[in-house]
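Report on the following structure.
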Number of protein chains: 2
Amino acid sequence: MAQDDFDLQDFLPYLLNQAAEASSLEFQKVYKDRYGMLRTEWRVLFHLGIYGRMSAREIGRRSKMHKTKISRAVQKLAERRFLTRTTDDNNRRMEWLDLTAQGQKAYRDLRAIAMRYDAGLSEKLTDRENAVLRQALRKLAQGG
Amino acid sequence: MAQDDFDLQDFLPYLLNQAAEASSLEFQKVYKDRYGMLRTEWRVLFHLGIYGRMSAREIGRRSKMHKTKISRAVQKLAERRFLTRTTDDNNRRMEWLDLTAQGQKAYRDLRAIAMRYDAGLSEKLTDRENAVLRQALRKLAQGG
DNA sequence: CGTTGTTAGTTACAAAATCAACCGTTAACT
DNA sequence: AGTTAACGGTTGATTTTGTAACTAACAACG
């Protein structure tokens, strides 16, 4: 009984959010239940796993997460021995973050799950939809 | 200096989230600064504005928001006289939610902004990308 | 040097989301 | 009717996030 020609399902910010939430749900269960991680935490883990050692600032630049979120995620990951922090000698404000062996292991485990999970999502879409979707999302993610 | 063939930018849950966040940012500013609303609140407002009178439960079913979020959003919107609540005579557990004149006005104002904003986002994409994107997102949003 | 500004990261406090337990009402079954 | 379960919605405690103000280290400029 629509009273209106505007449709929430066509409003991109809403639609994107619905899709994002629906499609993170199962993966969230894994990193949460199996590793007790938060979204921020697996993101930091993945940045280090994929790109190798970097600083918190650099993770922020790439992920657009706020520095306080990252700071707290790093703290927790360090407590749990998933990463180590080493202050840089030339610039003692910054720290290099490295995954420990344990961190690498968790990363590889989660990565495998992520890949399978992503493949499962892709199956819901045609090849063309997959290609165009990812392309379009990248444009939108850039912001501006 | 990737060490890895897995790319975060190809992982749909991540990519969707990046796009969702980037694309809600400016709209958020509007409903927050102009109406002091939370995301949950404009969503409730929009559901009532678009589809007309309904119960909190029905909003939850459609939006997949948790009932506590909705309950609190409804409270705030009622306090601010954007909607009224009427308990159903045949089932006194439930309430019918209706926008007040003031609520309708806020809705129409925000809807106009949303439409312009959505149009702006669409301009970043080709027609084909727009069509395929929305189609694909709807599939993903359904979950399962 | 000394002041001022910037950067990398942390902390404290307020705002919001989550989770479980809770009411009052209705439905289902005996 | 009497008991139990389910429903629609609320509340309170805890967790997580967001915002601002804060270190400590460095850089730039006089």
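Using a 4.0 Å heavy-atom cutoff across all strands shown, A:Arg85 reaches sugar-phosphate atoms only and no base atom. Residue-level contact check: A:Leu38 touches the backbone only, with heavy atoms under 4.0 Å from sugar-phosphate atoms and none from bases.
Distance B:Met65 CE to C:dA16 P: 15 Å, rounded to the nearest Å. Atom CG of A:Asp89 and atom C1' of D:dC26 are 15 Å apart (whole Å). The distance from atom CZ of B:Arg39 to atom C1' of C:dT18 is 14 Å, rounded to the nearest whole Å. As a whole-Å value, the separation of B:Asp33 CG from D:dT19 P is 11 Å. Remark: P of C:dT18 and NZ of A:Lys32 are 8 Å apart, rounded to the nearest angstrom. Atoms CZ (B:Arg57) and C1' (D:dT10) sit 17 Å apart, rounded to a whole Å. Between A:Met94 atom CE and D:dT23 atom C1' there is a gap of 18 Å when expressed in whole angstrom units. Between A:Trp96 atom CH2 and C:dG9 atom P the separation is 10 Å, expressed in whole Å.
Proximity note for A:Gln75 (side chain, C-beta onward) versus C:dT11, D:dT10, C:dA16: the nearest is C:dT11. Distances were taken from every side-chain heavy atom of A:Thr40 (C-beta onward) to each of D:dT17, D:dG18, C:dG9; the shortest belongs to D:dT17. Listed candidates were D:dG18, C:dT26, D:dG9. Nearest to the side chain of B:Arg92 is C:dT26. Looking at the side chain of B:Glu95, the nearest of the listed nucleotides C:dT10, D:dG9, D:dT11 is D:dG9. Distances were taken from every side-chain heavy atom of A:His66 (C-beta onward) to each of D:dT11, C:dG9, D:dT19; the shortest belongs to D:dT19. In this structure, of D:dC26, C:dG9, C:dT26, it is C:dT26 that holds the atom nearest to the side chain of B:Arg93. Side-chain proximity of B:Arg72 to C:dT25, C:dA17, D:dG12: nearest is D:dG12.
The distance from the CG atom of B:Asn17 to the CZ atom of A:Arg39 is 4.5 Å, given to the nearest 0.5 Å. Remark: A:Thr84 OG1 to A:Glu95 CD distance equals 9.5 Å, nearest 0.5 Å.
The closest side-chain heavy-atom distance from B:Lys105 to B:Gln102 is not below 4.5 Å.
With respect to B:Glu79 and B:Lys76, no salt bridge is recorded, no charged nitrogen being found less than 4.0 Å from a carboxylate O.
Side-chain nitrogen and oxygen atoms of B:Lys69 include at least one within less than 4.0 Å of the OP1 or OP2 phosphate oxygen of C:dT18. Phosphate contact (OP1/OP2 of C:dG9, side-chain N/O of A:Ser71, threshold under 4.0 Å): absent.
For the pair A:Thr68 and B:Thr68, nearest-nucleotide mapping onto DNA chain D gives the more 5' position to B:Thr68. A residue-by-residue look at B:Asn91 and A:Asp88 shows that B:Asn91 has its nearest nucleotide of DNA chain D further toward the 5' end.
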Apply salt bridge (Lys or Arg N to Asp or Glu O under 4.0 Å) to residues B:Asp7 and A:Arg134 and explain how you reach the verdict. CA-CA 12 Å; B:Asp7 189 352; A:Arg134 283 161 207 262; over 6 Å; no

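A:Met115 and A:Leu48 fall within the same hydrophobic cluster, defined by Ile, Leu, Val, Met, Phe, Trp and Tyr side-chain heavy atoms under 4.5 Å apart, directly or through other members.
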